[in-house]
Each structure stands twice: as structure tokens, then as C-alpha cells.
Amino acid sequence: MFARQAFRCAQPLKQTIRNYSAEAAPKKSNLTPIYIGVGLAGLAAGVYRYNSSAVAEPKERAKVFNGQDWVDLKVAAIETLSHNTKKIRFEFEDKEAVSGLPVASALLTRFKPEGKEKFTLRPYTPTSDEDQPGYLDLVVKVYPGGPMSEHIHSLAVDQRLAFKGPIVKYPWESNKHNHIALIAGGTGITPMYQLARQIFKNPDDRTKVTLVFGNVKEEDILLKKELEELENTYPQRFRAFYVLDQPPKEWTGGKGFISKELLKTVLPEPKEENIKLFVCGPPGLYKAISGGKVSPQDQGELEGILKDLGYNKDQVFKF
């Protein structure tokens, strides 16, 4: 649980106005009016330039995705994160454009396997900032027999993948909830990180965030560096708890699966005002924690550990 702490706003610096002493009046000269005229003209030009720059509106960047059209993006870079996970960077044709995705949302990907008549479609949540111009990043774990993950892992630089979106999952606005909890497993961390990043990049958003993240091995913890940076920067508002099914000997975090005892200890209590719990991960995690969704439009009934702990359906969202 979070300790209550008052947050003090930084006080604006006091501005000091320096008064200049009047200089001695210049000697009379027939050129004085010219100097004055030139000086006033320069001053006016300077004021005009200053005011023009001060009121200039920032240029609105083009958005790559409009919700209707498929967009083919070229692979610009590939980074291997672990034995089964890669970060793939896809570049935009317009280097000044942004994805335009709202938080929280995903993109649909598609390709047609060789010898097949139908496209394979899968949603992915980019891990790059929605306002990042020029590219987006996907963190993709390959699953044996998973046609899309295997296809994406097979891509080389300069090859392309088709995207469409956004697929809006949970429309977020600043301070929508006082405290949220993110319960994730494996690649289910990607929409959770998207949401947390949006909260902490907004200086007006004071939402508290608790993350519980389960994985098999330590090397499976995706976005660990980014999550640790958030925790170190906002220690009073962001706390992360990691659970490993196969931890190393020196592991000091949770062991086994995400348990009722852990969630009861670290989550905001059901009776707290204006809280929201988000769940995302493999089918086994949904079954144990919250129960699964019926469809993208139907969240289904709340089941599992969260129901046993006293939360209600309206307090939980299943990505």
C-alpha cells in the first residue's frame, strides 16, 4: 500500500528587474533623428519577431493511422532482447509523422502465410511513445506454432508488415482513477506499460500505480529497464512486484505464480474510492486472476482471485 504523502508544488522563481541608470544626453546633431529612427525601427522589428515567435502555434504532426486503412511499414532495426523476444522498429514514410494512437489502444497486424487463402491477424501494443515521430516499436515474443509471432521474428531489415488501427481498449484521461493496479503476465505487460507511461509523462496526472508482473524466468521480464526507471523516478506513486515461476537462487522477489496472498497485500483494497484493476496475460493468468473475456466487447463475469478478494466487475478491466 502506498503511504500518504503531500506533494508540494515548486514555487516560481522571483523575477528580478534590473533598473538601468539614465545615460547622459547625447550632443545635438543633425543625424540624431536618423539614429533614433533606425533604433526605433530595429526595436519594432525585434518586438515583432519576438511576438511572432511567442504566439506561433506548434505544427500539428500528421498521424499515420486513421482507423480505416492498412499501412505497410518497413523494418528499420531489430534488437534481440532474449532467446525468444525481439524489439522491432518500424519506420514511417513521413519521418515527422506520429502514430496518433490514443491510450490505451493497440494496432492490428496482418500477413498471408504462403499457400493460405486467408490473412493471419493479431493485435499488438507498441512500446514506443505515441508522440514519437518517425517510427514505432513492437516487443514481440515468439511462440512455437504462433503464425504471427513467428512471421514477425522472421522479418529482416527493409521488409514490411501491414498495420491498421487504432483499436481502442480503455480510453484514458488524466486522473480518471485515484489508484490503478496492473496485473500482467509475459507480453501482457505491453498495454500496461503504455498506460503507465502515459500517466507519468503527464505532470498533471497524480494517479498511483501498482504493478504485479509474473514471468517464468528472470530473462523473460520485458521492459524491465523502463519499469525500473519509472519506479526510481516516482517511488511514492509507482511500485512494481515481480514474480518468477523459475527464479534464480539469488532472486529476492516473488516465487511461483501470482497468488491471492500477494495481491491481497499489495493491491488497493476493494473499498477504496475510485480504483481500477487491469489484467492482461496468457489464458492461464486470466483464469486464475479474473476470469476470461467473452469477446472484445464483452468483459464477461468477474471470477478467480479478484472476485474472492471482494472486488466487483466494475473495478476490473481485462485487456
Side-chain angles (χ1 to χ4, degrees), residues 78-88 104-109 120-128 136-154 167 169-170 180-197 209-228 230-231 238-248 251 253-260 262-263 266-267 277-293 296 299-300 303-306 316-319:
I78 301 171
E79 180 183 355
T80 299
L81 301 182
S82 72
H83 69 285
N84 61 3
T85 305
K86 292 181 179 180
K87 180 167 75 172
I88 301 96
S105 66
L107 289 170
L108 199 61
T109 61
T120 294
L121 305 173
R122 292 290 186 277
Y124 284 93
T125 303
T127 57
S128 50
L136 65 82
D137 291 336
L138 292 187
V139 172
V140 179
K141 177 181 289 188
V142 65
Y143 292 95
M148 183 58 78
S149 66
E150 289 184 343
H151 174 69
I152 293 177
H153 268 240
S154 73
I167 305 168
K169 298 286 189 174
Y170 189 83
I180 66 171
L182 314 174
I183 306 170
T187 53
I189 191 61
T190 55
M192 308 300 201
Y193 175 65
Q194 183 191 52
L195 183 54
R197 185 187 59 228
V209 181
T210 297
L211 168 67
V212 180
F213 190 13
N215 286 280
V216 178
K217 299 179 180 180
E218 188 171 12
E219 55 265 32
D220 295 324
I221 303 176
L222 304 179
L223 302 170
K224 181 73 179 301
K225 181 177 69 174
E226 291 83 351
L227 294 169
E228 287 179 340
L230 288 179
E231 194 170 24
F238 180 70
R239 297 177 66 191
F241 300 89
Y242 301 94
V243 179
L244 296 181
D245 185 35
Q246 299 176 21
W251 179 252
K255 300 177 182 180
F257 297 103
I258 297 175
S259 66
K260 180 189 294 187
L262 173 62
L263 295 181
V266 304
L267 296 186
L277 279 55
F278 295 88
V279 183
C280 191
L285 181 135
Y286 281 112
K287 182 177 181 180
I289 302 297
S290 63
K293 293 187 296 184
Q299 287 277 299
E303 300 172 355
I305 293 174
L306 296 183
V316 179
F317 181 84
K318 307 166 190 176
F319 275 110

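What's counted below: heavy atoms across the whole structure, side chains too, no hydrogens, waters or symmetry copies.
Surrounding CZ of Phe257 are at most 12 heavy atoms belonging to other residues, nucleotides or ligands under 6.0 Å away.
Residues forming a side-chain hydrogen bond (donor to acceptor under 3.5 Å, both in side chains) with Thr120 (at least two apart in sequence, or on another chain): none. In this structure Lys224 satisfies the side-chain hydrogen bond (donor to acceptor under 3.5 Å, both in side chains) test together with Glu228, sequence neighbours excluded. For the side chain to side chain contact (heavy atoms under 4.5 Å, CB included) test, residues two or more places apart in sequence or in another chain that qualify with Glu150 are Val142. The ring-ring contact (aromatic ring centres under 6.0 Å, His included) test applied to His151 returns Phe111, not counting sequence neighbours. Remark: Ala240 engages Leu211, Glu231, Phe238, Tyr242 in a side chain to side chain contact (heavy atoms under 4.5 Å, CB included) (not counting sequence neighbours). Partners of Lys141 by salt bridge (charged side-chain N to carboxylate O under 4.0 Å, His left out), not counting sequence neighbours: none found. Residues that satisfy the side-chain hydrogen bond (donor to acceptor under 3.5 Å, both in side chains) test with Asp137, not counting sequence neighbours, are Arg89. With sequence neighbours left out, the side-chain hydrogen bond (donor to acceptor under 3.5 Å, both in side chains) criterion links Thr85 to Ser82. For Pro248, the side chain to side chain contact (heavy atoms under 4.5 Å, CB included) criterion is met by Glu218, Leu244, Glu250, Trp251, not counting sequence neighbours. Applying the ring-ring contact (aromatic ring centres under 6.0 Å, His included) test to Phe319 and every residue at least two apart in sequence or in another chain returns Phe278, Phe317.
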Without placing hydrogens or testing angles, list every side-chain donor-acceptor pair under 3.5 Å for residues 184-191, not counting sequence neighbours.
from	atom 1	to	atom 2	distance (Å)
Thr190	OG1	Thr187	O	3.1

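Between Ile183 atom CD1 and Ser290 atom OG the span is 7.5 Å, to the nearest 0.5 Å.
Applying the salt bridge (charged side-chain N to carboxylate O under 4.0 Å, His left out) rule to pairs touching residues 186-197 yields Asp129-Arg197, Glu130-Arg197, sequence neighbours excluded.
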